[in-house]
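Report on the structure given below.
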Amino acid sequence: MAFATYSDGEWSGIRLQPVEPLQLHPAAHVFHYASTCFEGLKAYRHADGSLHIFRLDRHIARLRKSTELLCLPVPGPEALEEAIRNLVSACADDIPPYPGALYLRPVICGTEPNIGGAAHAVNEAFFFVLASPVGSYFAGGGEKMLRIFLDDQHMRSTPDFGAAKSGGNYAAALRHIVKARDEFNADQVLFCPGGDVQETGAANFFLLDDDKVVTRTIDGSILDGITRDSLLTLARSNGYTVEERKILVPELLEWVRSGEAALSGTAAVLAGVGTLIYQGQEYAVGDGQPGRNTRRLREMLSAIHSGESTDELGWLAPVE
Ligand code: PLP
């Protein structure tokens, strides 16, 4: 893991060390006031053995944005980039070939021991990056079409905190996801407060057909997905009309009579939705089978990850 500490207004150098338990005071700010945020990104091994981190600059920018929203200190972008690259180099022998990858999890948390500190930004923090070899989301053959519960009563986060990739947002959404899984065997909840189709607990949401790709506007209420941005860029340059706008539940139910729906994120790239569950009724998405546009866009982005397509947009950061 990469590891650094912050105190007295300064970060220590970021060093690599074996993964080991961290020592924290029980009064550490993060335990009480959830001063923590993280990122999730992947490094891929290409067929020629070379290693590449996908959209490292965007992930660093989003981590910095999350730290701002949480009043946490953050190492400079160059230091973050160097730490992540060094960690990937150090783990090179453990990175499986594509479609496997090395999943990287940078975390920043407030460690200042101060239970009276609810209204104060921390003066002490940890930064660390975990690295884990992962297999393909679609391993095991066959594409499992997702069952998604539409929740029009709750919001995953809040209108101005959904852009923070912070544990508190996942904690706030969890009970709705557990309930939908228990009651409806749903894989995920699509949060649609007041009918506004937003995102699921851990992915952005897309509607697709042969001409169009539609997804919700980024306005601070949902996570600014980096897979989302990448897919929209590829869709535009491959002749799709891209619409970033509000989607309401009635439009969604109408769309899926013939169109496709999918979830986007670092783990799965773009995963097809087969069934929507809304007000006790099940709605098949198209014919319930993987959609051709979902597949096409997923394959385009996967080909960049794997090195099969040229990285014309400079999304891959090579690692020595
Ligand atoms: N929305 C939420 C709430 C997420 O947790 C994630 C994934 O991490 C995403 C969207 C997709 O983001 P990205 O494509 O950057 O992985």
Side-chain angles (χ1 to χ4, degrees), residues 34 36-44 53-66 69-70 84 101-108 129-130 132 134 136-138 146 148-149 151 154-177 180 187-193 196-207 213 215-235 242 244 247 261-273 294 297-298 300-302 304-305 313 315-317:
T36 177
C37 60
F38 66 98
E39 264 307 315
L41 67 166
K42 282 180 174 177
Y44 296 99
I53 306 171
F54 186 67
R55 304 203 73 175
L56 178 57
D57 52 346
R58 282 289 294 243
H59 283 280
I60 287 176
R62 194 171 66 184
L63 181 63
R64 294 175 61 79
K65 165 90 187 166
S66 296
L69 290 167
L70 284 146
I84 295 171
L102 188 69
Y103 180 76
L104 298 158
R105 171 54 67 91
V107 177
I108 297 182
V129 189
L130 294 175
S132 331
V134 290
S136 163
Y137 179 88
F138 295 101
L146 299 169
I148 301 295
F149 178 78
D151 182 339
H154 305 104
M155 186 161 176
R156 172 182 173 262
S157 175
T158 68
D160 71 349
F161 201 61
K165 199 163 168 67
S166 180
N169 280 335
Y170 296 82
L174 183 59
R175 70 189 186 284
H176 304 304
I177 300 167
D187 296 300
Q188 258 299 347
V189 172
L190 179 57
F191 291 93
C192 313
D196 169 18
V197 178
Q198 298 197 327
E199 64 183 333
T200 68
N204 293 116
F205 183 74
F206 276 63
L207 295 176
V213 174
T215 192
R216 192 186 185 285
T217 333
I218 297 295
D219 60 0
S221 64
I222 64 170
L223 196 73
D224 186 356
I226 292 164
T227 316
R228 172 191 179 282
D229 177 77
S230 309
L231 290 165
L232 293 183
T233 304
L234 292 175
V242 167
E244 289 180 79
I247 302 166
L263 303 187
S264 82
T266 294
V269 180
L270 192 62
V273 174
T294 301
L297 276 180
R298 178 169 74 228
M300 279 193 269
L301 184 50
S302 301
I304 295 175
H305 291 152
L313 295 155
W315 285 346
L316 298 176

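Ligands are counted one by one from 1 in listed order, and the atoms in each one are counted from 1 as well.
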Any N/O of T227 closer than 3.5 Å to an N/O of ligand 1?
yes

In ligand 1, which numbered atoms sit nearer than 4.0 Å to a non-hydrogen atom of R156?
3 (C)

Below 4.0 angstrom from a heavy atom of R62, which ligand 1 atoms are there? Numbered from 1 as shown, please.
12 (O), 13 (P), 15 (O)

Under 4.0 Å to a heavy atom of G265 - the qualifying atoms of ligand 1, by number:
11 (C), 14 (O), 16 (O)

What residue and heavy atom of the protein are closest to atom 16 (O) of ligand 1, and at what distance?
T266 OG1, 2.6 Å

Determine whether L270 and T227 satisfy the following criterion, side-chain contact (heavy atoms from CB on, under 4.5 Å), listing intermediate values before the conclusion.
CA-CA 8 Å; L270 192 62; T227 316; over 6 Å; no

If we set the cut-off at 4.0 Å for heavy atoms, which region of A267 has an atom near ligand 1: side chain, backbone, both, or neither?
neither

Step-by-step side-chain contact (heavy atoms from CB on, under 4.5 Å) determination, F206 to V273
CA-CA 10 Å; F206 276 63; V273 174; over 6 Å; no

Can you say whether the rings of F54 and H305 are parallel (under 30°), tilted (30 to 60°) or perpendicular (over 60°)?
perpendicular

State which residue, out of S66, S157, C37, fulfils the side chain to side chain contact (heavy atoms under 4.5 Å, CB included) condition with N169.
S157

Should D229 and R55 count as an ion pair when the cut-off is N to O under 4.0 Å?
yes

Steps toward salt bridge (Lys or Arg N to Asp or Glu O under 4.0 Å) verdict (E199, R216)
CA-CA 8 Å; E199 64 183 333; R216 192 186 185 285; over 6 Å; no

Is the shortest distance from a heavy atom of G201 to ligand 1 less than 4.0 Å?
yes

Atom 1 (N) of ligand 1: the protein heavy-atom neighbour that sits closest, reported with distance to 0.1 Å:
E199 OE1, 2.7 Å

Only heavy atoms of S264, strictly under 4.0 Å: list the atoms of ligand 1 that pass.
11 (C)

Assess G40 for proximity to ligand 1: is some non-hydrogen atom of it under 4.0 Å away?
no

Heavy atoms, side chains only, cut-off 4.5 Å: are I226 and H59 in contact?
yes

Using side-chain contact (heavy atoms from CB on, under 4.5 Å), reason through V129 and V107 one step at a time and then give a plain yes or no.
CA-CA 6 Å; V129 189; V107 177; over 6 Å; no

If we number the atoms of ligand 1 from 1 as shown, the ones under 4.0 Å from a heavy atom of G225 are 12 (O), 13 (P), 14 (O), 15 (O)

N/O to N/O below 3.5 Å, does that happen between Y170 and ligand 1?
yes

So, does K165 sit close enough to ligand 1 that a heavy atom of it is under 4.0 Å from the ligand?
yes

For this output row, return yes or no: ring centroids of F38 and Y170 closer than 6.0 angstrom.
yes

Would you find a donor on one side and an acceptor on the other, under 3.5 Å apart, between the side chain of Q188 and the backbone of G201?
yes

Please write down residue, atom name and distance for the protein heavy atom closest to atom 6 (C) of ligand 1.
A202 O, 3.3 Å

For L223, take its heavy atoms, then give the atoms of ligand 1 lying under 4.0 Å from any of them.
1 (N), 2 (C), 4 (C), 6 (C), 9 (C), 10 (C), 12 (O)

When only distance counts, is D224 in polar contact with ligand 1, meaning an N/O pair under 3.5 Å?
no

